[in-house]
Amino acid sequence: MARITASVFTSHVPAIGAAMDLKKSEEPYWQKVFSGYEFSRRWMKDNTPDVVILVFNDHATAFSLEMIPTFAIGTAAEYKVADEGWGPRPVPDVQGAPDLASHVAHSVIQQDFDLTIVNRMDVDHGLTVPLSLMCGDTKVWPFKVIPFAVNVVQYPVPSGMRCFKLGQAIRKAVESYDEDLNVQIWGTGGMSHQLQGPRAGLINREWDNRFLDRLIDDPEGLASVPHLEYVNEAGSEGIELVMWLIARGAMSDVAGGNKPTLKHRFYHVPASNTAVGHMILENN
């Protein structure tokens with residue numbers, strides 16, 4: 001059967017993608033950010049999966065205020081890199097895994113989660129920046145990707161607990177697929193940041209690191225944190241962190257297995273006006 005072997009968590013700051021694309025990653029400001037991913041790129045080469053289920057949020061590229069799915073799964077064979085206003089990033093198009101994606105969609109919907117099935121969409125920095133951070137400069141991404149978009153832009157947004165339980169449903173779906181596949185699930189976005197209003201530029205180091213602690217040791221308790229705490233403590237865009245709970249909910253310990261192994265943890269501020277968090281957990 002297919003199996004989820006690891007979860008990866010990372011911010012998806014658009015300025016990080018720009019720094020890579022403009023060859024600025026060795027500049028003093030950016031080198032501090034990219035140093036946190038040196039281990040991860042080595043780990044990625046040694047632990048390359050067949051498929052990554054990549055949880056991200058669209059930034060008004062594939063979806064707009066005219067149509068806002070709470071959860072959307074990509075079932076296409078290929079995804080073009082989006083033009084977000086300054087041309088597409090100079091990175092490879094993304095190859096999908098339509099058979100597994102369709103199976104996951106069927107299984108998760110049968111577990112009473114309503115998913116929007118997307119057969120064509122362009123993918124923006126929310127998906128491509130994590131790929132670049134983990135894989136570096138490449139002509140072809142080394143695995144197939146299932147884009148899994150979550151609405152954390154326009155309220156109402158899903159609760160942390162709903163996301164955590166969705167991760168559990170995704171794990172069951174993957175494990176019921178009869179092809180022998182190595183699958184990783186990535187949660188992206190965050191950490192604390194606010195892009196507008198009188199609190200623009202807010203970063204909360206203490207809250208962010210407590211979130212990382214609980215993501216490792218108390219994920220179910222963390223899933224109970226209400227939206228208002230995210231807004232108060234992590235800024236208006238800090239709510240993106242509920243997407244990390246989808247990836248965490250897919251790990252085996254949540255279903256009674258062994259606790260995952262923490263392979264890497266990194267935290268840095270600032271990158272642009274955002275706190276950058278990153279972690280790798282391996283299933284046991």
Side-chain angles (χ1 to χ4, degrees), residues 7-19 29-37 40 54-60 124-130 132-134 149-164 167 186-249 262 264-281:
S7 53
V8 173
F9 309 85
T10 183
S11 303
H12 60 214
V13 185
I16 292 177
Y29 179 89
W30 288 109
Q31 200 281 328
K32 295 175 183 177
V33 176
F34 290 106
S35 66
Y37 291 85
S40 306
L54 204 156
V55 183
F56 73 110
N57 64 288
D58 176 75
H59 300 81
D124 65 17
H125 72 269
L127 185 139
T128 64
V129 167
S132 294
L133 281 169
M134 293 298 294
V150 180
N151 170 41
V152 288
V153 175
Q154 178 68 41
Y155 278 82
V157 301
S159 69
M161 186 59 73
R162 185 69 170 163
C163 290
F164 186 61
W186 296 9
T188 74
M191 297 190 82
S192 63
H193 63 300
Q194 179 150 331
L195 302 180
Q196 70 287 308
R199 295 202 307 165
L202 178 147
I203 289 176
N204 189 336
R205 293 171 181 260
E206 182 180 353
W207 191 92
D208 285 342
N209 279 286
R210 188 164 62 248
F211 181 96
L212 293 173
D213 291 340
R214 297 186 72 187
L215 192 68
I216 299 167
D217 296 322
D218 181 28
E220 187 165 5
L222 182 62
S224 298
V225 171
H227 288 157
L228 189 58
E229 181 174 332
Y230 285 93
V231 175
N232 285 341
E233 300 294 338
S236 54
E237 279 68 45
I239 191 62
E240 290 179 350
L241 286 167
V242 297
M243 296 188 292
W244 293 30
L245 289 164
I246 296 177
R248 186 63 180 90
L262 175 64
H264 184 54
R265 175 173 171 170
F266 173 69
Y267 181 80
H268 175 77
V269 294
S272 184
N273 56 356
T274 306
V276 172
H278 173 43
M279 193 160 66
I280 299 172
L281 296 177

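- Of the residues listed (Phe266, Phe9, Tyr267, Tyr37), the one engaging His278 in a ring-ring contact (aromatic ring centres under 6.0 Å, His included) is Tyr37, and it is the only one.
- For Met279 against Leu262, the heavy-atom pair with the smallest separation is CG-CD1, 3.4 Å.
- Going from atom NE2 of His268 over to atom CZ of Arg205 covers 8.0 Å, rounded to the nearest 0.5 Å.
- Contacts of Glu206 classified as side-chain hydrogen bond (donor to acceptor under 3.5 Å, both in side chains), with partners at least two apart in sequence or in another chain: none.
- The side chain to side chain contact (heavy atoms under 4.5 Å, CB included) search around Leu195 returns His193, Glu237, Asn273, not counting sequence neighbours.
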Counting only pairs under 3.5 Å, give me each side-chain donor-acceptor contact of residues 215-225, with atom names and distances, residues two or more places apart or in other chains.
residue : atom : partner : partner atom : Å
Asp217  : OD1  : Lys259  : NZ           : 2.5
Asp218  : OD1  : Gly221  : N            : 3.2
Asp218  : OD2  : Arg214  : NH2          : 3.2

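- Contact annotation: the side chain of Arg265 approaches that of Asn209 to within less than 4.5 Å [non-hydrogen atoms, C-beta and beyond].
- Taking NE2 of His59 as the start and NE2 of His125 as the end, the distance is 3.5 Å to the nearest 0.5 Å.
- Residues meeting the side chain to side chain contact (heavy atoms under 4.5 Å, CB included) test with Pro226, sequence neighbours left out: Glu229.
- Within the model, atoms CZ of Phe56 and OG1 of Thr128 stand 9.5 Å from one another, a figure rounded to the nearest 0.5 Å.
- Closest heavy-atom contact between Asp208 and Ser192: OD2-OG, 2.7 Å.
- Of all heavy-atom pairs spanning Ser40 and His264, the tightest one is OG-CD2, 3.3 Å.
- Ile16 is listed as a side-chain neighbour of Phe34, based on a closest heavy-atom distance under 4.5 Å.
- Between Val231 and Ile239 the shortest side-chain heavy-atom distance does not fall below 4.5 Å.
- Taking both residues in full, the closest heavy atoms of Val150 and Pro158 are given as CG1-CG, 3.8 Å, listed atom of the first, atom of the second, then distance.
- If you take SG on Cys163 and CH2 on Trp244, they are separated by 14.0 Å, rounding to the nearest 0.5 Å.
- Residues Gly277 and Met191 share a closest heavy-atom pair of CA-SD, 3.6 Å.
- Separating the OH atom in Tyr230 from the CD atom in Glu233 is a distance of 12.0 Å, to the nearest 0.5 Å.
- Thr10 contributes atom OG1, which lies 7.5 Å from atom CE of Met134 (distance to the nearest 0.5 angstrom).
- Residues passing the side-chain hydrogen bond (donor to acceptor under 3.5 Å, both in side chains) test with Thr274: none are found, sequence neighbours excluded.
- The side chain to side chain contact (heavy atoms under 4.5 Å, CB included) test applied to Ala15 returns Val13, Trp30, Ser272, not counting sequence neighbours.
- Under the side-chain contact (heavy atoms from CB on, under 4.5 Å) test applied with His12, the options Val276, Leu133, Asn57, Leu127 reduce to a single match, Asn57.
- In terms of heavy atoms, Ser11 sits closest to Gly190 at OG-O, 2.7 Å.
- Side-chain contact between Thr188 and Glu240 is absent, with no heavy-atom pair separated by less than 4.5 Å.
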